[in-house]
Amino acid sequence: MLTKSHAIDRLLRERSDLRERRFGLPNIGNRFDGEKFNPTVQEIADAIDFYGYGVRDENIVEMPDTDLGSGNPTKFKGFPPAVEAMKKSLENDMMYRYPYTEGDDRIRQQLLDYVEREGFINTEPYFFPDIDEKGLSVHNITFSVSTSMLFNHIIDIICKPGDVVLVTAPNYGLFTIRAERAGAEVEKLELEKEDNFLVNPSKLAVRIDEINQSLQQVYHRRKGYVPRVVAFINANPNNPTGKVMGKKQYSLLYKIGKICKDRGVFIIDDLVYRDITYDKDNIAMPISTIPGMFRNTISLFGLSKSYSMASERAGFVVADEIIIRDIVNKIFQGMDSVPDIIGKALAGAFNATEERYEAYETYFSELREIYKYKYNLLKALVLGVETVEDRFKDKIIKETINVLGFAEGSKALVGIPMVEFPKNLEPESGFFAILDFTKLKGMKYKGKAIRNDEDLLKFFYETSRTRFLVGQSISWPYKDELVGRITFSIEDDRIIKGILNIHNAILLLEKKDDYSIRKNLYKDQAQMAMIKVDGWKNAYDSIISSAYLKSLNYEEQTKRYQASYEEYKDLVFVAVREEEVLGYSCFNPIPNVDQFDSELVSLYIKPSEIGKGIGTALFLETCKELVSFDKKHMIVWCLSDNENAIKFYKKLGGKIVKTKEAKIGDKCYKEYGFYFQLK
């Protein structure tokens, strides 16, 4: 007989994550197939979760923080033709009817007229009687509640298990997570400074080919199917860089399209930021407007970002009708049909009438100026007011002093020390800017050094309750740099106060150590061997047999380290000053005994450098690395007579939980096991 249990209790046994009441972002979620995210995506998920939830504290309700990572467009009236179309739809007498799953053909025709006026053309059309002179019909279009929902359907349609979706880095992290959550594997194409952070077609071709070749070697046609790169996500303009590829970059777009077409790779052309391109003469150009590219391209449009109507969650897709048929199937199977008012709003914003284009010109002329001003305001606060366009200077100075007062305002307008914009990365669209905080790396607050993204965000939150998306959230391609994605779409006074928070926090930092911490290199092994031998002779004099200590020598220890380097190179951190190794730590992320899932195997400091905080820095860096492997329970062993080591581990929060005998040379010695709860 089944044991009686409350239904909720049964659910919680299976879904322990639901026990926690979260504030901030909901749970990122998991892959639908139950597999783990690959490391590329897990990094993004962890960083977004930390920004949206982890860094925030229990005081969030009483003490709101300053969020400079918001994805909302600026506060502005919704696009008037779209708003009017929605109002009219609520006033008609047909609301009693269920809408068609694919959407009303009259709405789809209006959307079709719009994309054809924008240049969409299919030079390889089907032979259905309703195909027009551009090779298209209403069956090339459908709409839904947001481009995010459409994106999920698209990935589900075009991907088989193991197939790869290629994304740029930087990227919109949530799209990257959604691609893999829906069952795809995600790989990155890094955008580089030398290419002005634009897609380099040659590098795109090489990346697709190397991924496909790797998959061929791994799968060997298992079950008759070899996974491959099936799609490239082309965000144009790019989120978060704001880089635009318009008609001035026609040749670049053509090459991207041809490379993907020749390799059987769909392009998912994300155009949601298109209409807030600052240069109205170089609006982001859809790849489907290039002859020969339509059937291989899936284009996404929406109201959220450009049209100040994010709350409507309205988007539409233009693609080969084979793709559209299955999107319609999935809409029907999941939600029956899409609210008709969404279609009305889209048709109001995207149609081919002269009235729409006149309203568009008026609306976006004003909106683009607002975004340009806000970017210049941010630039003045980061680099100094002398760096902005002359036409904005007086207003920026007046507004900043009005918000902060003369003294603080004057300080703010000088710019933030040690912070800059990355080279070749001035936004051309959108409402995000990347700030480079790399010069803060290694600097300290209350003895804690900023060494990575999480440290950076913790520092700003602790000092000013300010947060933003860090480089890991957006797949920043330069791993040694510390960057943040900052929005300038919020109200001007919040930009001013938020950046001043960052400015004032940086003034609290202490100078950085004269050393850095990195993974060990082969060339470090001889110095590491010397540190171990000298460390043992220094720490264990009168504890371990003098005969054993005398037997230790640099040459033999160096040979052992060099021989094991390839096996352990990723498990050792070194502290270095220029080329001098000052100390090192070795760790093991593999479960070893009892409840412990990781171990700090050794930690040695050059005798002349003891007492300078290097051991603590190496210990903390090791703990962070183990946490990144999702380890929670670390053990460290040290000799029971090593009083200095015992004091060190106790000060760091370790608790003695085990003892054992260790044989060193011909004798046995008692060791204490210190337990550390990593998180």
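Hydrogens, waters and symmetry mates play no part in the numbers below; they use all other heavy atoms, side chains included. A quick note: this is a predicted structure, and the numbers were derived from the prediction, not measured.
Across every non-hydrogen atom of L440 and I450, the tightest pair is O-CB, 4.0 Å. Nearest approach of A47 to V470, heavy atoms of both residues: CB-CG2, 4.4 Å. Minimum heavy-atom separation, S585 to L600: CB-CD1, 4.1 Å. Taking every heavy atom of both residues into account, G173 and I44 meet most closely at CA-CG2, 3.7 Å. Closest of all the heavy-atom pairs between M528 and V574 is SD-CG1, 3.8 Å.
With respect to K193 and E481, a salt bridge is recorded, a charged nitrogen being found less than 4.0 Å from a carboxylate O. Of the charged side-chain nitrogens involved, none lies within less than 4.0 Å of a carboxylate oxygen, so that R10 and E14 do not count as a salt-bridged pair. Salt-bridge formation is detected for the pair R577/E609: a Lys NZ or Arg NE/NH1/NH2 atom is positioned less than 4.0 Å from an Asp or Glu carboxylate oxygen. Under the 4.0 Å criterion applied to side-chain N and carboxylate O atoms, D524 and R518 are assigned as salt-bridge partners. The pair K439-E420 counts as a salt bridge, with a side-chain nitrogen and a carboxylate oxygen less than 4.0 angstrom apart. Checked for salt-bridge contact, D630 and K36 miss the test: no charged N lies under 4.0 Å from a carboxylate O. One finds no salt bridge joining K670 and E661 here, because no Lys/Arg side-chain nitrogen approaches an Asp/Glu carboxylate oxygen to under 4.0 Å. Salt-bridge check for D65 with R56: passed, with a basic side-chain N closer than 4.0 Å to an acidic carboxylate O. Salt-bridge annotation for R207 and E190: absent, with no side-chain N of the basic residue lying under 4.0 Å from a carboxylate O of the acidic one. D513 has a carboxylate O that lies under 4.0 Å from a charged side-chain N of K444, or vice versa, which qualifies the two as a salt bridge. Under 4.0 Å is where a charged nitrogen must lie from a carboxylate oxygen, and between E555 and K559 at least one such pair does. Ionic pairing of E621 and K519 is not present here: no N-O contact between side-chain nitrogen and carboxylate oxygen is shorter than 4.0 angstrom. The pair E210-K203 does not count as a salt bridge, with every side-chain nitrogen at least 4.0 angstrom from each carboxylate oxygen.
Here the side chain of R467 pairs no donor or acceptor atom with the backbone of V55 at under 3.5 angstrom. A donor-acceptor pair is defined here as one N or O able to donate and one able to accept, closer than 3.5 Å; such a pair exists between the side chain of D163 and the backbone of R228. For the pair Q525 (side chain) and L521 (backbone), a donor-acceptor distance under 3.5 Å is present. In this structure, E180 contributes its side chain and N38 its backbone to a donor-acceptor pair below 3.5 Å. In terms of modelled atom types and a separation under 3.5 Å, the side chain of Q527 and the main chain of E579 share a donor-acceptor contact. In this structure, R31 contributes its side chain and A184 its backbone to a donor-acceptor pair below 3.5 Å. Of the possible donor and acceptor atoms, none in the side chain of N171 sits under 3.5 Å from a partner among the backbone N and O of T176. Here the side chain of T466 pairs a donor or acceptor atom with the backbone of S464 at under 3.5 angstrom. A donor-acceptor contact shorter than 3.5 Å links the side chain of Q472 to the backbone of E43.
Using cut-offs of 30° and 60° for the angle between ring planes, the W536 and Y540 rings count as perpendicular.
Distance check: I499 CD1 to N504 CG gives 11.5 Å after rounding to the nearest 0.5 Å. A distance of 5.0 Å separates OH of Y515 from CD1 of I614, quoted to the nearest 0.5 Å. The line from OH of Y669 to CD1 of I664 is 6.5 Å long, rounded to the nearest 0.5 Å.
In summary, the side chains of Y51 and D67 do present a donor paired with an acceptor at a separation below 3.5 Å, with no hydrogens or angles considered. Inspection of the T487 and S70 side chains reveals no N or O donor paired with an N or O acceptor under 3.5 Å.
Counting non-hydrogen atoms of neighbouring residues, nucleotides and ligands closer than 6.0 angstrom, the NZ atom of K660 exceeds 12 such neighbours. In E643, the CD atom is not crowded: 12 or fewer heavy atoms of neighbouring residues, nucleotides or ligands sit closer than 6.0 Å. Residue D480 qualifies as open at atom CG: its count of foreign heavy atoms under 6.0 Å is 12 or below. In K497, the NZ atom is not crowded: 12 or fewer heavy atoms of neighbouring residues, nucleotides or ligands sit closer than 6.0 Å. Atom NZ of K411 sits in a crowded spot, with more than 12 heavy atoms from other residues, nucleotides or ligands closer than 6.0 Å.
Every residue two or more places apart in sequence or in another chain was checked for a side chain to side chain donor-acceptor pair (under 3.5 Å) with T40, and none qualifies. Annotation: ring pair (Phe, Tyr, Trp, His ring centres under 6.0 Å) contacts of F629 (sequence neighbours excluded): none.
For the pairing with D453, the side chain to side chain contact (heavy atoms under 4.5 Å, CB included) check across L482, L469, D46, V483 returns one residue only, L482. Screening F674, F676, Y604, Y584 for a ring pair (Phe, Tyr, Trp, His ring centres under 6.0 Å) with F619, the sole residue that qualifies is F676.
Here the two rings, on F197 and W476, have centers that are under 6.0 Å apart. For Y672 and Y649, the ring centers sit 6.0 Å or farther from each other. The six-membered or imidazole ring of F437 lies near that of F468, with a centre-to-centre distance under 6.0 Å. Ring to ring, F587 and F573 are close: their centroids are under 6.0 angstrom apart.
Remark: K160 qualifies as a cation-pi partner of Y225 under the 6.0 Å distance and 45° angle criteria applied to the six-membered ring.
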Under the side-chain contact (heavy atoms from CB on, under 4.5 Å) rule, what do L552 and K550 come out as? Steps first, then yes or no, please. CA-CA 5 Å; L552 300 176; K550 286 179 182 178; over 6 Å; no
Checking side-chain contact (heavy atoms from CB on, under 4.5 Å) for the pair D534/K606: CA distance, chi angles, key distance, verdict? CA-CA 7 Å; D534 291 345; K606 203 170 187 177; over 6 Å; no
